[in-house]
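These figures come from a predicted structure and were not determined experimentally. We count ligands from 1, going down the list as the structure has it; atoms in each ligand are counted the same way.
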Amino acid sequence: MRLQAVTTNSLLLAISPLVDGHYTTDNWYPAPNATGSGGWENAFSQAKSFTEKLNLTEKIFLVTGVDGPCVGNIPAIERLGFKGICLQDGPLAIRQASFASVFSAGVSTATTWDRELMHQRGAAIGQEFVGKGAHVMLGPVSGPLGRSALGGRNWEGFSPDPYLTGVAMYETITAEQSQGIQACAKHFIGYEQETQRVPSVNDDGITIQAVSSNIDDRTLHELYLWPFADSVKAGVASVMCSYNRINETYACENSHTLNKILKTELGFQGYVVSDWGATHSGVKSILTGLDMNMPGPLGSSDSSLASWWGYNITTMIKNGSVPESKLDDMIQRILTPYYYLQQNSATYPTIDIDTAQLNAGVTGSDVPAYQHPFNLGTNTDKNRDVRNGHSSLIRQLGTASSVLLKNSKNTLPLASPDRLALFGNDAVDVTGGPYDPQNVFGVQAVGGGSGTGRLASLVSPLEAIKARLPSASIQYITDNSLITSDGISSIYPTPDVCLVFLKTFATEGADRTSLLCDYNSTQVVETVTSSGSCANTIVITHSPGINLLPWADNENVTAIIASHFPGEQAGNSITDILFCDVNPSGKLPYTIAYKAEDYNAPIVNFTGSDNPNAWQSNFTEGLMIDYRHFDHNNITPRYEFGFGLSYTTFSLSNIGISKVSTSNLDAYPPNLGAEVPPPGGNAALYDVVAIVTAEITNSGSVPGAAVPQLYLSFPTSSGETELSSTTTPKKVLRGFEKTQVLAPGASATVRFELKRRDVSYWNVEKQDWKIPQGSFGILVGQSSRDISLTGQISFL
Ligand SMILES: *[C@@H]1O[C@H](CO)[C@@H](O)[C@H](O)[C@H]1NC(C)=O
Ligand SMILES: *[C@@H]1O[C@H](CO)[C@@H](O)[C@H](O)[C@H]1NC(C)=O
Ligand SMILES: *[C@@H]1O[C@H](CO)[C@@H](O)[C@H](O)[C@H]1NC(C)=O
Ligand SMILES: *[C@@H]1O[C@H](CO)[C@@H](O)[C@H](O)[C@H]1NC(C)=O
Ligand SMILES: *[C@@H]1O[C@H](CO)[C@@H](O)[C@H](O)[C@H]1NC(C)=O
Ligand SMILES: *[C@@H]1O[C@H](CO)[C@@H](O)[C@H](O)[C@H]1NC(C)=O
Ligand SMILES: *[C@@H]1O[C@H](CO)[C@@H](O)[C@H](O)[C@H]1NC(C)=O
Ligand SMILES: *[C@@H]1O[C@H](CO)[C@@H](O)[C@H](O)[C@H]1NC(C)=O
Ligand SMILES: *[C@@H]1O[C@H](CO)[C@@H](O)[C@H](O)[C@H]1NC(C)=O
């Protein structure tokens with residue numbers, strides 16, 4: 001199938017779309033039709049024959065949301081036995097439900113660097129969504145990627161490194177969908193800040209447009225698109241377009257990102273769903289590649305507000321601005337994953353009424369009245385418990401995602417101290433109920449917004465430590481204001497060890513304004529450590545990711561653990577680390593700097609401007625975010641990307657580097673001509689072209705797991721002009737492998753597979769991935785700055 005750009009010279013436009021100092025996006029029509037290629041062929045035929053039975057009104061129902069029990073609702077069509085589609089938040093729990101688990105956040109999951117745990121988490125989450133009768137879970141997240149340290153939703157995603165995030169997306173999606181739920185990779189694309197993420201109307205009635213992420217083509221491909229490519233490769237059912245603009249065009253009506261990149265270059269066969277309220281046009285959004293408009297509604301004859309879609313689509317089809325075949329393609333894209341995952345099965349669970357009640361704020365046996373039919377369960381099977389013993393997995397995830405940053409004077413692990421003191425408002429149970437993540441008092445197990453969870457149970461650190469040491473003296477002061485104003489002089493006897501629990505909140509809808517932990521954290525640590533009672537202080541943080549730790553070098557801060565957002569087993573997870581039931585193996589999936597100014601790519605903020613187009617975020621740093629920026633500008637981080645201590649030590653040896661025998665490896669993957677590639681893009685990009693092995697040995701005295709990491713240095717001085725050292729990072733992560741627990745003295749061989757895409761850069765002129773000439777540096781180590789084995793490889 002040949003796709004034509006309406007412009008005569010699309011290549012030229014793709015390279016230089018700056019017009020009069022404005023970023024623009026080229027038009028790319030028409031949207032390719034789905035074919036179900038790549039394994040969905042049978043489901044596609046089912047979707048096609050079903051579509052043929054629909055009348056026009058019913059077709060409109062399938063693409064536009066209505067009011068209903070779930071966060072997003074496609075109503076049932078009883079005439080045809082179709083039970084509707086229920087979309088639910090995501091991504092760390094089924095949010096609107098009782099008796100469901102609250103899992104560790106995305107950032108925690110990345111911190112494990114453990115593919116198997118990522119997979120187990122995805123499967124468990126998927127199972128809970130299915131159990132509650134959802135069809136689509138709104139997650140996982142790879143946008144935001146984490147360009148700005150202060151991004152309010154970074155924690156919902158995984159890591160600012162696209163390779164690590166890509167692996168996490170792949171594992172999560174394949175695992176979730178193996179349980180029968182549709183995953184939704186979100187938010188596509190360039191959604192890197194909350195501030196002005198949606199348009200606003202100022203006091204003069206002027207509409208101020210949403211922030212525009214202006215991203216050059218290479219940066220888009222090598223950073224922000226990379227994990228979405230892995231998601232499509234994983235067979236993701238849907239992709240959510242984001243609130244922001246890209247090159248000044250809204251993400252849900254951007255033909256370049258949707259029609260060209262997602263549906264053609266990546267061969268995506270599923271559907272694009274709008275973020276809630278992110279649709280800003282009718283005909284345009286349809287022709288540019290949006291397939292489902294959420295939350296709708298249908299329009300004039302519906303009781304609620306009108307929308308761009310709904311019954312308006314009838315007019316669009318009648319007046320010829322949208323061909324009916326386009327609407328059919330949208331429906332087929334929506335229904336193909338539904339049939340593929342057998343969600344039409346008679347045994348697929350009904351929608352638990354608890355969801356309807358929580359969404360509408362009603363209780364008892366009342367069910368809200370809806371205008372359209374849904375496959376709701378009954379009052380006798382509501383509040384279904386779908387947790388299925390997942391708390392032990394959540395505990396394990398919380399433990400595996402705790403990073404030991406400092407451990408001096410052999411403070412950790414704790415033996416069996418008789419005298420402990422706990423400080424900080426993060427140590428205790430939450431005081432604001434199960435569904436209020438922003439409490440002054442209470443362990444910060446999750447963040448806020450649509451990505452939060454409803455805690456059916458929560459274990460606080462204080463509770464877990466008391467259970468662990470039933471006869472110790474355990475003193476605690478958990479009011480931070482009291483600590484900073486009055487000190488801790490009431491503590492007696494002097495503790496053997498002091499634990500300070502700090503927390504940081506983050507939520508959808510707002511970016512963070514500080515990188516410090518909240519609630520006077522610095523003063524709290526200083527008060528405790530200078531009190532004369534706490535020369536042995538362990539600081540534990542629960543946080544959405546990046547924090548500055550200005551007290552890290554304090555002589556009395558003898559250990560630091562970053563425990564992220566562990567989910568409902570927070571207390572048990574941290575005690576498992578403190579007492580070495582589990583030897584820590586978490587590694588930072590981001591960089592911790594000495595000072596805020598060390599980070600680049602700040603949140604842009606034009607609050608107060610009355611220029612409708614003021615909000616421009618130029619991604620001029622290109623590929624240099626997080627560790628790439630620190631490496632490129634020779635900035636020393638406090639704790640680098642990939643870093644994390646263990647109670648033992650490991651040593652690396654015996655690097656092996658071999659090319660996979662391919663007689664003729666060309667710089668470019670085989671040309672597909674006019675074909676739309678299979679999901680994920682040109683299949684050759686995923687061919688393994690080299691294998692690197694290394695041996696890792698536990699050189700200490702405690703059993704533990706290690707995470708060897710492989711970084712690649714691209715050849716920047718071998719004649720490839722696009723690969724200059726000013727635009728190309730010094731090194732990029734291209735492999736990692738968490739080992740089994742190794743006994744002292746034991747070794748394991750780790751194996752990293754380099755795929756064609758891993759050793760290619762995005763060549764803008766050719767619009768393809770190219771393996772450069774010259775010699776790549778292979779760097780194997782235990783963090784991005786602890787490289788102990790090196791080698792070289794070249795392909796051409
Ligand atoms: C973004 O880049 C454009 C084009 O170079 C420039 O005109 C504009 O001033 C920049 N905006 C900001 C906020 O830097
Ligand atoms: C945005 O503009 C840049 C050039 O400044 C270009 O490289 C890129 O392809 C454009 N992206 C989109 C989605 O139009
Ligand atoms: C999609 O299919 C319809 C027929 O169903 C056809 O008219 C249209 O040209 C196709 N679009 C593309 C881009 O091939
Ligand atoms: C389409 O089918 C629905 C029943 O699913 C019916 O209510 C409606 O009247 C039909 N519309 C047309 C235009 O036939
Ligand atoms: C069509 O869309 C416009 C814009 O949202 C809205 O004002 C109008 O009411 C819609 N019409 C129908 C029939 O829904
Ligand atoms: C067709 O109808 C749609 C929806 O009402 C409208 O937005 C569009 O401008 C119309 N196009 C033409 C060519 O009349
Ligand atoms: C943006 O600027 C406004 C006004 O100065 C300020 O109130 C707000 O906190 C800023 N937002 C962020 C995320 O820094
Ligand atoms: C910081 O401490 C002061 C008193 O020591 C208190 O008044 C203030 O509310 C505290 N701020 C926060 C955010 O806890
Ligand atoms: C550390 O604790 C000791 C003993 O309590 C005290 O003398 C010293 O001043 C403390 N250091 C700091 C930096 O507070």
Exercise for the section: With heavy atoms under 4.0 Å as the rule, classify the contact between E526 and ligand 9 as side chain, backbone, both or neither. Expected result: neither

Practice task
Please find out if less than 6.0 Å separates the ring center of Y594 from that of Y639.
Solution key: no

Exercise for the section: Compute the centroid of each ring, for Y476 and then for F423, and state whether the two points are separated by less than 6.0 Å. Expected result: no

Handout entry: N556-ligand 9 polar pair, N/O distance under 3.5 Å
Key = yes

Exercise for the section: Could you say whether the N/O atoms of E555 and ligand 9 ever approach to under 3.5 Å? Expected result: yes

Exercise for the section: May I ask you to identify the nearest protein heavy atom to atom 5 (O) of ligand 4, giving residue, atom name and distance to one decimal place in Å? Expected result: E58 OE2, 2.3 Å

Ionic contact status for [Y] with [X], cut-off 4.0 Å:
X    : Y    : result
D553 : R638 : yes
R79  : E58  : yes
K503 : D518 : no

Problem - atom 2 (O) of ligand 4 touched by protein (heavy atom, under 4.0 Å) - result: yes

Exercise for the section: Could you tell me whether atom 14 (O) of ligand 9 has at least one protein heavy atom nearer than 4.0 Å? Expected result: yes

Practice task
Using non-hydrogen atoms of the residue, decide whether T57 is closer than 4.0 angstrom to ligand 4.
Solution key: yes

Problem - Chi angles and distances behind the salt bridge (charged side-chain N to carboxylate O under 4.0 Å, His left out) call for K83, E78 - result: CA-CA 7 Å; K83 294 188 198 145; E78 288 168 329; over 6 Å; no

Problem - Contacting atoms of ligand 3, where contact means under 4.0 angstrom from a heavy atom of P30 - result: 13 (C)

Fill in the blank from the handout: Check: of A34, S325, A31, P32, min heavy-atom distance to atom 4 (C) of ligand 3 comes from S325

Handout entry: Heavy-atom nearest option to atom 11 (N) of ligand 4, drawn from L80, N55, L56
Key = N55

Completion exercise
One should read off an interatomic distance between C517 SG and D426 CG, to the nearest 0.5 angstrom, of 9.0 Å

Completion exercise
side-chain contact (heavy atoms from CB on, under 4.5 Å) test vs I540 passes for just one of I577, V500, I574, namely I574

Exercise for the section: Under 4.0 Å from a heavy atom of S530: give me the atoms of ligand 9 that qualify, with their elements. Expected result: 14 (O)

Completion exercise
Numbered in order shown, the ligand 9 atoms found under 4.0 Å of a heavy atom of T529 are 1 (C), 2 (O), 10 (C), 14 (O)

